[in-house]
Amino acid sequence: MAIQSEAALEEGLIKALKNMSYEYVKITEESNLVSNFKCQLEKHNSKELAKFGREHLTDKEFERVMIYLEGGSRFEKAQKLRDILPLDLDNGEGRMWIEFLNCSHWCQNEFQVANQITVEGRKKCRYDVTILINGLPLVQIELKRRGV
């Protein structure tokens, strides 16, 4: 088996995903990741936003979404992603129902791929390839050189 560099393997995986209609996004750090998530969440929930004559969540509304997603165990967080969040609007005009993932019709989700995203938690991590669904980084792939 021939040796293939990790960079070549990464490039090949990204190319394969782009050929399957994944959008490539350049995300280098956590702030880019959060901005992309807000954009994708608004895109995924555009019909719900349109009911209120809007295209975007306010910063405070998005902050409440982020707080909602933070807490709980892995299992509780996974359940939150499958549920619909009732979000009261800042202007008091009503309640919006935010969907994170369309579990019934997967093709109606937005699929993206990014590489070399750096995030800092208990330690600083950089992932080779990350697959995002509706802006959520759900799959992180660490590649190794082929043939080694």
Side-chain heavy-atom pair [X], [Y] within 4.5 angstrom cut-off:
X: Gln40; Y: Lys43; answer: yes
X: Lys60; Y: Arg64; answer: yes
X: Asn45; Y: Glu99; answer: yes

What I want to find out is whether [X] reaches [Y] closely enough, with some N-O distance under 4.0 Å, to be called a salt bridge.
X: Lys38; Y: Glu42; result: yes
X: Lys51; Y: Glu48; result: yes
X: Arg54; Y: Glu61; result: yes

Stepwise, does the side chain to side chain contact (heavy atoms under 4.5 Å, CB included) test hold for Val34 with Phe62? CA-CA 10 Å; Val34 171; Phe62 182 67; 3.7 Å; yes

Could you tabulate the donor-acceptor pairs under 3.5 Å formed by side-chain atoms of residues 133-143, not counting sequence neighbours?
{"residue": "Asn134", "atom": "OD1", "partner": "Glu110", "partner atom": "N", "Å": "2.7"}
{"residue": "Asn134", "atom": "ND2", "partner": "Phe100", "partner atom": "O", "Å": "2.8"}
{"residue": "Asn134", "atom": "ND2", "partner": "Asn109", "partner atom": "OD1", "Å": "2.7"}

Please round to the nearest 0.5 Å and tell me the distance separating atom CD1 of Ile117 and atom CD1 of Ile27. 4.5 Å

Measure the spacing between CZ of Arg126 and OG1 of Thr28 and express it to the nearest 0.5 Å. 11.5 Å

Pair Glu10-Ile14, side chain to side chain contact (heavy atoms under 4.5 Å, CB included): steps then yes or no: CA-CA 6 Å; Glu10 184 176 308; Ile14 291 169; 4.1 Å; yes

Check the pair Leu9 / Asp128 against side chain to side chain contact (heavy atoms under 4.5 Å, CB included), numbers first and verdict last. CA-CA 10 Å; Leu9 191 57; Asp128 293 333; over 6 Å; no

Might you work through the side chain to side chain contact (heavy atoms under 4.5 Å, CB included) test for Val25 and Asn32, ending with a clear yes or no? CA-CA 10 Å; Val25 287; Asn32 303 130; over 6 Å; no

